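Report on the structure given below.
Model, not experiment: these values are computed from the prediction. Every heavy atom of this structure was used, including side-chain atoms; hydrogens, water molecules and symmetry mates were not.
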Amino acid sequence: MTTAHTQAVDRLVAAIETIVTDRDVRVPDETIVARVATPLAALVATDDWIDPAFAAPDPDRYRQYLLHRDPENRFSVVSFVWGPGQATPIHDHRVWGLIGVLRGAEIDQRYARTDDGTLVPVGAPTRLEAGAVATLSPDTGDIHRVFNAHDDRVSISIHVYGADIGTVERAIYTEAGTAKPFVSGYAAPDAEPAKVAA
């Protein structure tokens with residue numbers, strides 16, 4: 001990893017540690033994400049620090065790289081790398097989280113369950129440009145779908161979650177509300193960034 005990459009992630013981690021340090025006190029998710037949003041916004045305000053190995057796209061699907069795993073499993077920091085036009089399925093998180101757009105732009109569409117169990121979009125999709133930060137929580141709704149806003153270039157976002165997200169059993173959903181369990185894991189950083197066709 002480059003020195004700039006390590007220093008940038010270390011600054012974010014140090015800030016998050018001060019926010020989640022007291023495990024004996026139950027801090028509401030909305031308080032945590034509000035506090036973490038400031039150092040995350042500072043991190044994604046510049047796009048000159050991420051190591052290319054953690055910014056490498058895949059031609060077939062988005063990638064999730066682990067940048068930091070808290071040894072006490074209080075949080076994790078990951079980079080999401082989206083090739084042109086790539087998207088997630090509808091999915092949940094089951095822990096608090098934040099999305100900070102580092103490069104490009106993303107479209108975030110939130111969903112909610114109706115009385116019959118189907119999933120319906122909540123409002124219009126939100127376009128998140130570079131530098132933007134969005135939050136989510138099971139307390140306020142954490143089911144969404146994310147798209148790369150660009151069909152011709154890569155977008156990258158930095159996510160912070162209230163657990164080691166690569167090991168959390170979560171679910172992907174059909175719009176009918178049918179859930180399929182999954183554990184995301186992480187992509188291995190590449191020595192050579194992959195080539196993605198525009």
Side-chain angles (χ1 to χ4, degrees), residues 1-16 33 36-70 75-91 93 95-110 125-136 142 144-166 168 170 172 184-198:
M1 284 184 271
T2 66
T3 302
H5 176 101
T6 301
Q7 290 175 343
V9 173
D10 285 352
R11 281 192 298 272
L12 176 65
V13 167
I16 298 170
V33 296
V36 174
T38 299
L40 180 58
L43 179 73
V44 298
T46 59
D47 181 16
D48 59 357
W49 58 267
I50 193 164
D51 188 301
F54 294 86
D58 182 278
D60 299 320
R61 65 181 309 273
Y62 66 91
R63 284 188 169 183
Q64 175 177 287
Y65 297 102
L66 180 64
L67 301 180
H68 178 81
R69 177 190 294 117
D70 177 62
F75 66 93
S76 56
V77 181
V78 300
S79 66
F80 272 77
V81 182
W82 312 87
Q86 290 176 349
T88 69
I90 301 170
H91 65 283
H93 306 84
V95 296
W96 58 261
L98 298 96
I99 303 160
V101 180
L102 181 68
R103 184 178 301 164
E106 296 177 10
I107 306 294
D108 179 14
Q109 176 62 66
R110 305 292 173 110
T126 302
R127 184 181 175 105
L128 303 171
E129 299 289 346
V133 172
T135 64
L136 50 87
D142 76 327
H144 72 163
R145 186 169 189 219
V146 182
F147 307 79
N148 183 347
H150 300 287
D151 291 328
D152 59 352
R153 57 188 153 133
V154 170
S155 290
I156 300 173
S157 52
I158 307 301
H159 297 213
V160 181
Y161 295 106
D164 178 2
I165 197 65
V168 175
R170 304 186 280 149
I172 59 174
S184 65
Y186 300 107
D190 292 337
E192 296 284 329
K195 301 276 192 249
V196 176

Hey, does the side chain of S155 reach the backbone of A105 with a donor-acceptor pair shorter than 3.5 angstrom? yes

Show the nearest heavy-atom pair for residues V33 and G97, with the distance to one decimal. CG1-O, 3.8 Å

Check the pair F75 / V95 against side-chain contact (heavy atoms from CB on, under 4.5 Å), numbers first and verdict last. CA-CA 9 Å; F75 66 93; V95 296; over 6 Å; no

Does a side-chain heavy-atom distance below 4.5 Å link V160 with L12? yes

Tell me which pairs pass side chain to side chain donor-acceptor pair (under 3.5 Å) where either residue lies in residues 95-110, with sequence neighbours left out. D47-R103, W82-E106, E106-S157, D108-R110, D108-H144

Donor-acceptor contact present, side-chain T88 to main-chain V146, <3.5 Å: yes

Can you give me the closest heavy-atom contact between A134 and L128, atom names plus distance? CB-CD1, 3.9 Å

Where does the angle between the aromatic ring planes of Y161 and H93 fall among parallel (under 30°), tilted (30 to 60°) and perpendicular (over 60°)? parallel

Step-by-step side-chain contact (heavy atoms from CB on, under 4.5 Å) determination, W49 to R11: CA-CA 12 Å; W49 58 267; R11 281 192 298 272; over 6 Å; no

Given V101 and V44, is the side-chain contact (heavy atoms from CB on, under 4.5 Å) satisfied, shown in steps? CA-CA 6 Å; V101 180; V44 298; over 6 Å; no

To the nearest 0.5 Å, what is the distance between NE2 (H68) and CD1 (I158)? 14.0 Å

Please state whether the rings of Y62 and F80 are parallel, tilted or perpendicular, taking 30° and 60° as the class boundaries. parallel

Keeping the roles fixed (side chain from Q86, backbone from R63), state whether a donor-acceptor pair exists under 3.5 Å. no

Restricting to non-hydrogen atoms, name the atom on A188 and the atom on Y65 that form the minimum distance, rounded to 0.1 Å. O-CE2, 3.6 Å

Return the CD1 to CG distance between I107 and N148, rounded to the nearest 0.5 Å. 9.0 Å

Hey, mind stepping through V78 and L66 against side-chain contact (heavy atoms from CB on, under 4.5 Å) and telling me if it holds? CA-CA 5 Å; V78 300; L66 180 64; 4.2 Å; yes

